[in-house]
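Worksheet for the structure shown next.
This is a predicted model, so every value here is computed, not measured. Every number for a ligand or one of its atoms is a count from 1 in the order of the listing.
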Amino acid sequence: MSSGTANGSSMELGECIRNTGFHEDDKTEDAVGGDEENRTSTVRMSPGGEEDTYTQIKPYAGMPKEVLLLYSGQARYRLPREILFWLTVASTLALVALTITVVVLSPRCLSWWQSSPVYQIYPRSFKDSDSDGIGDLKGIVDKLDHFQYLNIKAIWISPFYKSPMKDFGYDVEDFRDIDPLFGSMQDFDDLLAAMHDKGLKLIMDFIPNHTSDTHKWFNLSSSGHPQYKDYYIWTNCNTTHAPNNWVSVFGNSSWTYVEERQQCYYHQFLKEQPDLNFRNPHVRREMTEIVRFWLEKGVDGFRMDAVKHILEAKHLRDEPQVDPQQDPDTIDTEFELHHDYTTTQLGLHDILQDWRGEMDVYSREPGRYRFMVAESYDYEETEKTMMYYGTPYVKESDFPFNFYLMDLPTNLTGTGAQGLVNLWMANMPVGKWPNWVVGNHDKPRISSSVGQDYIKVINMLLLTLPGTPTTYYGEEIGMVNINVTIDEIQDPFGKFNPNASRDPQRSPMQWSDGPNAGFSDANHTWLPMHPHHTTVNVEAQQKDSGSVLSQYRALSLLRQAQLPLHRGWMCYVWSDADVFAFLREIDGLDKAFLVVLNFGADSVINLSAITELPEKLTLHMSTKQENYGMPVIKSSISTARGEGLLLEYSTHVRFNPGHASQCFVSEKACYLGVLDILYKC
Ligand code: GLC
Ligand code: MG
């Protein structure tokens with residue numbers, strides 16, 4: 001075949017014949033002959049040849065392009081092809097739109113610090129692994145199963161830094177080292193790895209306000225080293241007169257004279273805990289590097305200690321007396337002054353926000369959110385505490401600890417309990433996450449102040465309120481304060497004021513009825529065990545379905561498993577001298593819960609007026625009885641003294657829409673039953 005022929009064909013077939021590939025095919029097919037000849041002959045037609053010859057050839061696999069193009073233009077091939085094309089385009093667009101809708105409408109999943117209670121370990125008292133009578137890091141590793149049993153993921157461990165232990169670790173000698181009493185840095189790394197293996201998160205104490213007086217910075221500062229002289233707060237004074245009337249939280253003047261420097265330094269706590277000078281940028285940088293050091297190691301969060309004390313007024317003027325008539329020379333406790341110049345100074349929140357920023361850098365990896373909780377007691381100054389939530393535009397702590405429920409012992413009524421809950425809910429900035437604390441290493445155990453009868457109902461309150469509960473070790477089994485005689489006092493604050501000693505709430509954890517309650521094999525533990533450990537201990541309570549521990553565990557599991565408890569509305573429905581009742585519901589889900597808590601005497605309440613509640617509810621859990629599944633009539637809900645009830649009910653009518661002022665929700669979401677998903681609403 002001559003190229004002329006090919007060119008001639010090209011004129012008839014238009015664009016398609018210009019394909020050089022076709023020429024090649026043509027030649028090959030010529031050579032093959034037979035059937036092939038048949039097909040190619042139709043292509044090899046003369047100028048002006050009959051085009052409709054092509055139309056008689058059926059399309060076949062491997063047909064030349066020309067034939068293909070001839071058919072592909074025909075309506076019966078073109079139409080289905082176009083339909084298919086547009087269908088593909090439409091379904092791709094629909095899929096993209098659906099994905100965007102799902103992403104936009106999905107509520108944020110709760111983070112680990114929201115979905116689990118926070119458990120506080122006081123490491124001296126949790127578990128001793130080396131038989132010296134003092135708890136340690138390896139001891140914690142031995143007991144990690146306890147948290148899996150309790151369905152707790154977030155563990156805050158009080159300080160284990162190198163320390164002379166004047167304030168049991170809140171006096172830090174080296175922020176980058178572990179105290180040998182608790183173990184080594186290797187033990188810490190092992191603990192963190194073991195915790196992460198089990199899906200547990202570790203929250204550390206960070207103590208920015210002060211160091212120990214044995215910290216190298218303080219030694220250098222005392223001797224006037226040019227680089228360190230302003231690391232602490234120094235001022236001129238003489239041995240007999242403090243520079244001003246400021247007093248320490250632990251009592252007496254907050255100034256101590258140093259002969260070597262012939263000046264006084266400031267300490268908000270013990271004299272062995274000199275306050276760092278955060279107006280010195282070097283100090284800020286050093287402390288930020290320490291935050292980074294632990295973030296690099298992989299810790300999951302910080303409890304920021306004593307934050308309101310971080311800055312003091314530079315002018316050092318006397319603070320106003322609470323009683324202006326009081327003889328100034330007799331002032332020696334924090335309660336006698338208004339702390340206008342020693343707490344919550346301008347600039348404090350910038351410091352915390354900087355650290356939050358550092359933590360955010362380490363929070364970007366999925367599942368590695370770094371959590372911050374701030375500790376600040378601002379008696380009757382709720383707005384000061386709430387500031388630690390940050391602003392809508394600038395993040396700070398995830399929450400400041402809510403200590404209001406610690407006042408339950410002096411407000412032990414249904415109305416009292418509601419009042420304390422409301423103090424937080426009504427003042428918390430919109431969109432923030434609440435939290436609840438009833439005890440820690442600084443406050444007497446609540447079980448001792450309210451009495452044994454109310455231990456279970458308090459745990460039920462803690463675990464059924466919206467937000468994160470914090471549990472101080474031992475609260476899950478109802479541990480109470482120990483008695484410590486004056487000569488046995490360990491706490492330095494207790495040595496100043498025995499009535500304020502914090503030893504009673506720091507006694508060793510009661511694991512079993514064995515020697516030292518299974519806490520230690522030592523002959524002598526750093527604080528005595530509570531004598532009731534033979535009956536109040538983890539081992540015994542695990543076997544008893546009605547124990548404080550079993551109920552704690554059941555509530556912790558329910559809190560996670562039941563959507564209304566996990567992230568639903570909380571609405572107050574009743575409070576009187578004995579009972580506080582609230583409901584938990586989530587829009588879109590018919591299942592809801594009514595929580596009835598008795599903080600007084602035996603009582604019967606009538607909730608008929610709450611028309612959104614059905615006549616009949618079902619007993620899901622009681623702290624006193626075990627007949628679960630029993631029907632309860634809303635007009636007559638009885639609770640015994642200290643009893644807590646969790647009642648389940650089903651309804652199509654939600655309570656919150658008509659009672660906005662009684663209801664609260666954080667991380668609001670609605671449930672879509674057909675798809676079994678949550679969506680933003
Ligand atoms: C915090 C701690 C407390 C400690 C104090 C000084 O308030 O909770 O135990 O004594 O700070 O660091
Ligand atoms: Mg030990």
Please test Arg356 against Asp360 for salt bridge (Lys or Arg N to Asp or Glu O under 4.0 Å), starting from the C-alpha separation and ending with a verdict. CA-CA 6 Å; Arg356 174 71 259 174; Asp360 282 345; 2.9 Å; yes
Suppose we measure from atom 7 (O) of ligand 1 to each protein heavy atom; which comes out shortest, and what is that distance? Glu375 OE2, 3.0 Å
Please could you name the atoms of ligand 1 that Arg502 approaches to less than 4.0 Å, counting only its heavy atoms? 3 (C), 4 (C), 9 (O), 10 (O)
Side-chain contact test, heavy atoms from C-beta onward, threshold under 4.5 Å: evaluate it for Met287 versus Phe175 and give yes or no. yes
For ligand 1, the portion of His309 having any non-hydrogen atom under 4.0 Å away: neither
Side chain to side chain donor-acceptor pair (under 3.5 Å), that's the test. Do Asp171 and Ser163 meet it? Break it down for me. CA-CA 6 Å; Asp171 47 326; Ser163 161; 3.0 Å; yes
Residue and atom name of the nearest protein heavy atom (relative to atom 12 (O) of ligand 1), distance in Å to one decimal: His210 NE2, 3.0 Å
What's the shortest distance from atom 5 (C) of ligand 1 to any protein heavy atom, and which residue and atom give it? Phe269 CE2, 3.8 Å
Give every residue pair that meets the side chain to side chain donor-acceptor pair (under 3.5 Å) criterion with at least one member in residues 346-355, sequence neighbours excluded. Arg284-Asp354, Thr288-Trp355, His349-Glu396, Gln353-Glu396
Report yes if the distance between the aromatic ring centroids of Tyr119 and Tyr473 is under 6.0 Å, otherwise no. no
Verify, without hydrogens or angle tests, whether Asn411 (side chain) and Ala417 (backbone) share a donor-acceptor contact under 3.5 angstrom. no
My understanding is that we take every heavy atom of each candidate and find the minimum distance to atom 2 (C) of ligand 1. Doing that for Asp305, Asn440, Asp167, which one comes out nearest? Asp305
Heavy-atom gap Arg303 to ligand 1 smaller than 4.0 Å: yes
If we only consider heavy atoms of Phe493, is any one of them less than 4.0 Å away from an atom in ligand 1? no
Passes ring-ring contact (aromatic ring centres under 6.0 Å, His included), Trp246 versus Tyr266? Steps please. CA-CA 9 Å; Trp246 296 0; Tyr266 175 73; 5.5 Å; yes
For ligand 1, does Tyr122 get within less than 4.0 Å through its side chain, its backbone, both, or neither, judged by non-hydrogen atoms? neither
Contacting atoms of ligand 1, where contact means under 4.0 angstrom from a heavy atom of Phe250: 10 (O)
Identity and distance of the protein heavy atom lying nearest atom 9 (O) of ligand 1: Asp442 OD1, 2.7 Å
Side-chain donor/acceptor of Trp156 to backbone N/O of Gly301, under 3.5 Å: no
